[in-house]
Student: 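Structure in structure tokens, see below.
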Amino acid sequence: MVSDLERLLRGIRDPRVLAAFSKVDRACFVPSAYKLQAWADHPLPLEDGATISQPSLVAEMTALLDLQASSRVLEIGTGSGYQTALLAELAARVFTVEISPLLWGRARASLTSLGYVNIAYKRGDGSRGWPEEAPFDRIISTVAFTARPMLLLDQLTSNGICIAPVGPRDGTQWLMLYRSQSDGISEKLITPVRFLSIRSEP
Ligand code: SAH
């Protein structure tokens with residue numbers, strides 16, 4: 001596992017990010033049928049049609065977020081809770097939103113049993129962020145928005161960073177990095193990606 005991990009984390013320099021990846025065991029978050037593939041560098045299925053991204057992409061997104069020990073972070077799409085655990089290792093407080101009751105309950109149970117106490121969980125539609133807890137220093141979405149996520153960007157502190165996949169449901173999405181600056185929001189295209197598209201409450 002260690003050599004797999006080293007290979008997947010090639011290019012990641014931040015020692016705090018590397019330490020978080022060594023500490024959080026991805027196998028704790030992967031469905032039992034896929035435990036042996038936990039560190040394979042491809043997405044794995046979760047329940048409710050969701051997928052957990054390949055570890056190298058999770059690492060890239062986590063590094064781009066440039067988390068500080070004092071950061072308040074909003075995450076959209078809790079899924080298995082794996083990314084949430086990494087955020088909780090690196091930031092002061094994590095606010096995570098998941099629309100699927102099943103995944104929400106499972107992730108909350110896993111993260112609580114692993115001892116994380118700096119995570120707040122919300123079951124609901126994260127497309128509007130979490131206005132009652134805003135502003136956030138960092139925002140990460142692991143579900144794709146079909147257009148610039150304005151409601152999330154409104155919840156960033158100044159100098160805040162938001163990472164989100166953006167693009168059509170059936171086409172190429174781009175991983176976007178937004179930064180809130182005194183003269184507005186800057187944006188940068190990072191890499192083409194394929195994420196589950198955001199859904200709304202039935
Ligand atoms: N980062 C997760 C994987 C997330 S997959 C992990 O590490 O396991 C994307 C997740 O977004 C799915 O769990 C899906 O149910 C959730 N999702 C989809 N639409 C959503 C919405 N509107 N609000 C919150 N979560 C949503």
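Basis for what follows: all heavy atoms, side chains included, without hydrogens, waters or symmetry-related copies. We count ligands from 1, going down the list as the structure has it; atoms in each ligand are counted the same way.
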Student: Using a 3.5 Å cut-off on N/O to N/O, what pairs does ligand 1 make with the protein? A line per pair would be great.
Tutor:
from     : atom 1 : to     : atom 2 : distance (Å)
ligand 1 : 1 (N)  : Thr142 : OG1    : 3.0
ligand 1 : 7 (O)  : Gln83  : N      : 3.3
ligand 1 : 8 (O)  : Ser80  : N      : 2.9
ligand 1 : 8 (O)  : Ser80  : OG     : 2.6
ligand 1 : 13 (O) : Glu98  : OE1    : 2.8
ligand 1 : 13 (O) : Glu98  : OE2    : 3.3
ligand 1 : 15 (O) : Glu98  : OE2    : 2.6
ligand 1 : 19 (N) : Arg199 : N      : 3.1
ligand 1 : 22 (N) : Asp125 : OD1    : 2.8
ligand 1 : 22 (N) : Arg199 : O      : 2.6
ligand 1 : 23 (N) : Gly126 : N      : 2.7
ligand 1 : 25 (N) : Ile99  : N      : 3.3

Student: Does the pair Arg148/Glu187 count as a salt bridge with the N-to-O cut at 4.0 Å?
Tutor: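 Looking at Arg148 and Glu187, the cut-off is met.
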
Student: Measuring from Phe195:CZ to Leu175:CG, what's the distance to the nearest 0.5 Å?
Tutor: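 The CG atom of Leu175 is 6.5 Å from CZ of Phe195, to the nearest 0.5 Å.
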
Student: Rounded to the nearest 0.5 Å, what's the gap from CG on Leu177 to OG on Ser186? Could you check?
Tutor: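 One gets 7.5 Å once the value is rounded to the nearest 0.5 Å.
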
Student: Knowing that exactly one of Ile163, Leu152, Leu153, Thr157 qualifies, which makes a side chain to side chain contact (heavy atoms under 4.5 Å, CB included) with Ile139?
Tutor: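 Going through the options one by one, the only one that passes is Leu152.
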
Student: Give, for atom CG of Leu87 and atom CG of Leu74, the distance between the pair rounded to the nearest 0.5 Å.
Tutor: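 With rounding to 0.5 Å, CG (Leu87) is 10.0 Å from CG (Leu74).
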
Student: Is it the case that more than 12 heavy atoms not belonging to Leu36 sit under 6.0 Å from its CG atom?
Tutor: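 Open: at most 12 neighbouring heavy atoms sit under 6.0 Å from CG of Leu36.
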
